Amino acid sequence: EAQVTQNPRYLITVTGKKLTVTCSQNMNHEYMSWYRQDPGLGLRQIYYSMNVEVTDKGDVPEGYKVSRKEKRNFPLILESPSPNQTSLYFCASRGTGATSNQPQHFGDGTRLSIL
Amino acid sequence: AQSVTQPDIHITVSEGASLELRCNYSYGATPYLFWYVQSPGQGLQLLLKYFSGDTLVQGIKGFEAEFKRSQSSFNLRKPSVHWSDAAEYFCAVGANTGKLIFGQGTTLQVKP
């Protein structure tokens, strides 16, 4: 089954304690992206990756890092989390090239609470 | 600037009634437009998409949307709402970097 898998689904942690949210897709997609969802703001892009070792900032990248060492994985790293990063996070992927602008497939989300 | 506006934050309709969710976009080129639905605790599921061609597009679960370039709109419609349609709905435009620009979302409540 084609899917985007995020872990963990829920996490409560404290300010300053480094955390990583993993994202994996099994569709051999080149493009992967992270969004955060906040009430009244919809989803906003944090970082995206066009392919392995190619990443770029989205609209709200401050406080986040990403890496793309393998095609299937795109972890989101919060080096020193702060309460304003409490949010619902989504990973997404889609193909490129002939499938450019095809719909993105979303994971089920990770709810982070930073105390 | 590229943006998407969903004017209605919250809509309540009776089961069996028709539904229209509004979406307006601002985008310089020909837009790629999407509607997604998010049920509580779930990810986003694609309802339908518009890339080109026929301006009336059909989606899953009985939804349809009409692209109107002159009004910069892409409204979502359903002729008869079911209780299971209660969810949050997002309109999005696909930018040339590949990212999706989302509207703020519309929460749909269905009265029995």
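By convention in this document, chain letters (A, B, ...) are assigned in the order of the sequence lines, proteins followed by strands, and residues within each chain are numbered from 1. This is a predicted model, so every value here is computed, not measured.
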A.B. asks: Under 4.5 Å heavy-atom distance to chain A, tell me which part of B/Q45 shows up: side chain, backbone, both or neither.
C.D. replies: neither
A.B. asks: Do A/L112 and A/L88 share a hydrophobic cluster, counting only Ile, Leu, Val, Met, Phe, Trp and Tyr and linking them when any side-chain heavy atoms are less than 4.5 Å apart?
C.D. replies: no
A.B. asks: Grouping I, L, V, M, F, W and Y whenever their side-chain heavy atoms are under 4.5 Å apart, do B/L44 and A/M32 come out in a common cluster?
C.D. replies: no
A.B. asks: Between A/D38, A/D108, A/L43, which shows the greatest number of heavy-atom pairs under 4.5 Å with chain B?
C.D. replies: A/L43
A.B. asks: What pair of heavy atoms forms the shortest contact from A/P103 to B/F51, and how long is it?
C.D. replies: CD-CZ, 4.4 Å
A.B. asks: How long is the gap from NZ on B/K99 to OH on A/Y47, to the nearest 0.5 Å?
C.D. replies: 13.5 Å
A.B. asks: After noting the C-alpha distance and the side-chain angles of B/Y36 and A/Q104, does the key distance pass the side-chain contact (heavy atoms from CB on, under 4.5 Å) rule?
C.D. replies: CA-CA 10 Å; B/Y36 285 87; A/Q104 295 188 23; 4.0 Å; yes
A.B. asks: Is it the case that over 12 heavy atoms from other parts of the model lie below 6.0 angstrom from the CZ atom of A/R44?
C.D. replies: yes
A.B. asks: Step by step, would you call B/L100 with A/F106 a side-chain contact (heavy atoms from CB on, under 4.5 Å)?
C.D. replies: CA-CA 12 Å; B/L100 291 173; A/F106 284 84; 4.0 Å; yes
A.B. asks: For residues B/Y25 and B/Y89: do they belong to one hydrophobic cluster (side chain heavy atoms under 4.5 Å, members Ile, Leu, Val, Met, Phe, Trp, Tyr)?
C.D. replies: yes
A.B. asks: Identify which part of B/Q38 has an atom lying under 4.5 Å from any heavy atom of chain A, answering side chain, backbone, both or neither.
C.D. replies: side chain
A.B. asks: Could you list which of residues 103-112 of chain B have a heavy atom closer than 4.5 Å to any heavy atom of chain A, in residue-number order?
C.D. replies: B/G103, B/Q104
A.B. asks: Hey, any chance B/I101 and B/Y50 share a hydrophobic cluster, counting ILVMFWY side chains that come within less than 4.5 Å of each other, even indirectly?
C.D. replies: yes
A.B. asks: Check the surroundings of atom CD1 in A/I12: do more than 12 heavy atoms from other residues, nucleotides or ligands lie under 6.0 Å from it?
C.D. replies: no
A.B. asks: Hydrophobic cluster membership, with links at side-chain heavy-atom distances under 4.5 Å among I/L/V/M/F/W/Y: are A/V21 and A/I46 in one?
C.D. replies: yes
A.B. asks: Would you say CD1 of B/I9 has more than 12 non-hydrogen atoms from neighbouring residues, nucleotides or ligands within 6.0 angstrom?
C.D. replies: no
A.B. asks: Examine whether an atom of A/Q37 lies under 4.5 Å from a heavy atom of chain B, and if so say whether it belongs to the side chain, the backbone or both; otherwise answer neither.
C.D. replies: side chain
A.B. asks: With a 4.5 angstrom heavy-atom cut-off, is it the side chain or the backbone of A/R9 that approaches chain B, or both, or neither?
C.D. replies: side chain
